[in-house]
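Since this is a predicted model, take the numbers as computed values, not measurements. When reading the values below, keep in mind they use all heavy atoms of this one structure, side chains included, and skip hydrogens, waters and symmetry mates. Atoms within a ligand are numbered from 1 in the order they appear, just like the ligands themselves.
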Amino acid sequence: MSTLQAVNTSNNTNIDFLPLQGTDYVEFYVGNAKQAAHYYKTAFGFQSLGYSGPETGVKDRASYAIRQNKLTFVFTTPLRSGNAIADHIYKHGDGVKALALRVDDATSAWEETTKRGAKNFMSPVRHKDEQGEVVMSGIHTYGDTVHLFIERKNYQGAFMPGYKAWVSEYNPTSTGLLYVDHCVGNVGWNQMNKWVKFYEDVMGFRNILSFDDKDISTEYSALMSKVMSNGNGFVKFPINEPAEGKKKSQVEEYLDFYDGEGCQHVALATNNIVETVTALRNRGVEFLKVPTTYYNDLQSRVGKIDEDIEPLSELGILVDRDDEGYLLQIFSKPVEDRPTLFFEIIQRKGAKSFGKGNFKALFEAIEREQAERGNL
Ligand code: FE2
């Protein structure tokens with residue numbers, strides 16, 4: 001029995017008060033930004049883009065920006081203890097601090113959202129250098145996570161004022177990662193609908209898909225999820241909440257180890273998942289494995305697909321189909337020692353959904369890891 005439901009709560013006559021052009025960058029607060037940037041360059045195939053720190057006049061932190069196609073990551077670390085960044089890392093470990101969204105007008109984005117109840121994180125501020133200006137503002141979302149609004153239409157530099165170009169002699173080749181497909185937030189018990197309402201009321205998003213614990217449960221643990229999307233569909237934020245099961249929900253394990261709500265995974269798009277995952281695996285990125293039996297009935301479950309089954313099975317890539325097409329996806333193991341943030345690699349071939357047909361196989365794979373950590 002499927003309880004998947006498309007929910008349409010939009011009022012199409014309303015104009016979008018928060019037009020978003022997509023994800024501008026994802027900023028991570030980390031214990032050692034220099035080494036984190038090196039890891040993501042090496043393992044995920046990013047290139048050096050920008051650096052900000054004492055040498056550029058920023059005294060309290062160092063930030064490294066790296067880029068691959070339309071994907072930009074920033075790693076920020078504090079230079080001393082006793083400040084908000086250091087406290088964030090002490091509490092959460094390495095994790096996502098900011099999901100920065102590209103806008104045409106960062107002042108209007110901040111005014112429209114704070115007017116609707118968003119908690120202020122950063123009032124609009126203009127940063128200028130000889131390459132032009134970037135206007136930034138920001139609001140709080142779940143946990144200690146924030147959304148920044150980035151207006152860069154009058155900026156010609158590599159990243160933003162305050163950063164100098166980071167020219168490196170170490171330039172690993174791309175792994176074919178293109179852009180952020182979606183970012184998932186884990187929230188606490190009974191908090192999912194509160195955050196659904198936040199994205200609806202404060203940011204004008206719509207709930208486009210809902211999954212309840214019947215959809216997302218195994219014999220042992222469960223979770224619920226609602227997918228929030230902005231008007232043009234460029235920005236999608238699924239929200240997960242733990243659900244009662246025989247054993248501990250994977251979302252609850254995250255909440256325990258992250259010490260609160262936060263970003264669970266960032267899904268990165270590729271046009272060739274077999275090549276991308278092969279490259280990532282060769283560079284040391286570890287992925288969850290489903291049993292090879294998953295592939296026995298794949299064809300009958302998802303129908304004809306362009307890819308050969310063998311490399312998919314070899315790499316552990318999952319396939320799911322919806323009314324509009326199919327998608328291929330795989331999930332990394334957590335990229336820190338805490339079982340918190342991980343990455344999804346996704347290739348969409350028409351499908352706009354999130355791999356519901358894979359939830360059971362996938363969550364059983366996650367539970368095997370959870371059990372090994374003694375947290376199931
Ligand atoms: Fe995902």
Distance-only criterion, 3.5 Å: show the donor-acceptor pairs between side-chain atoms of residues 159-166 and protein atoms not counting sequence neighbours.
none

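- No salt bridge links R152 with E133; every basic N to acidic carboxylate O contact stays at or beyond 4.0 Å.
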Could you walk me through whether N358 and Y294 pass the side-chain hydrogen bond (donor to acceptor under 3.5 Å, both in side chains) check?
CA-CA 9 Å; N358 292 322; Y294 171 88; 2.4 Å; yes
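- Taking the ring-ring contact (aromatic ring centres under 6.0 Å, His included) definition, one finds that F149 meets it with nothing, sequence neighbours left out.
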Between Q347 and T270, is the side-chain hydrogen bond (donor to acceptor under 3.5 Å, both in side chains) condition met? List the steps.
CA-CA 5 Å; Q347 181 179 6; T270 172; 5.7 Å; no
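- Counting only residues at least two apart or in different chains, ring-ring contact (aromatic ring centres under 6.0 Å, His included) contacts with residues 98-137 comprise F121-H140.
- Of all protein N/O/S atoms, those under 2.8 Å from the Fe ion (ligand 1) are H182 NE2, H265 NE2, E344 OE1, and waters are not counted.
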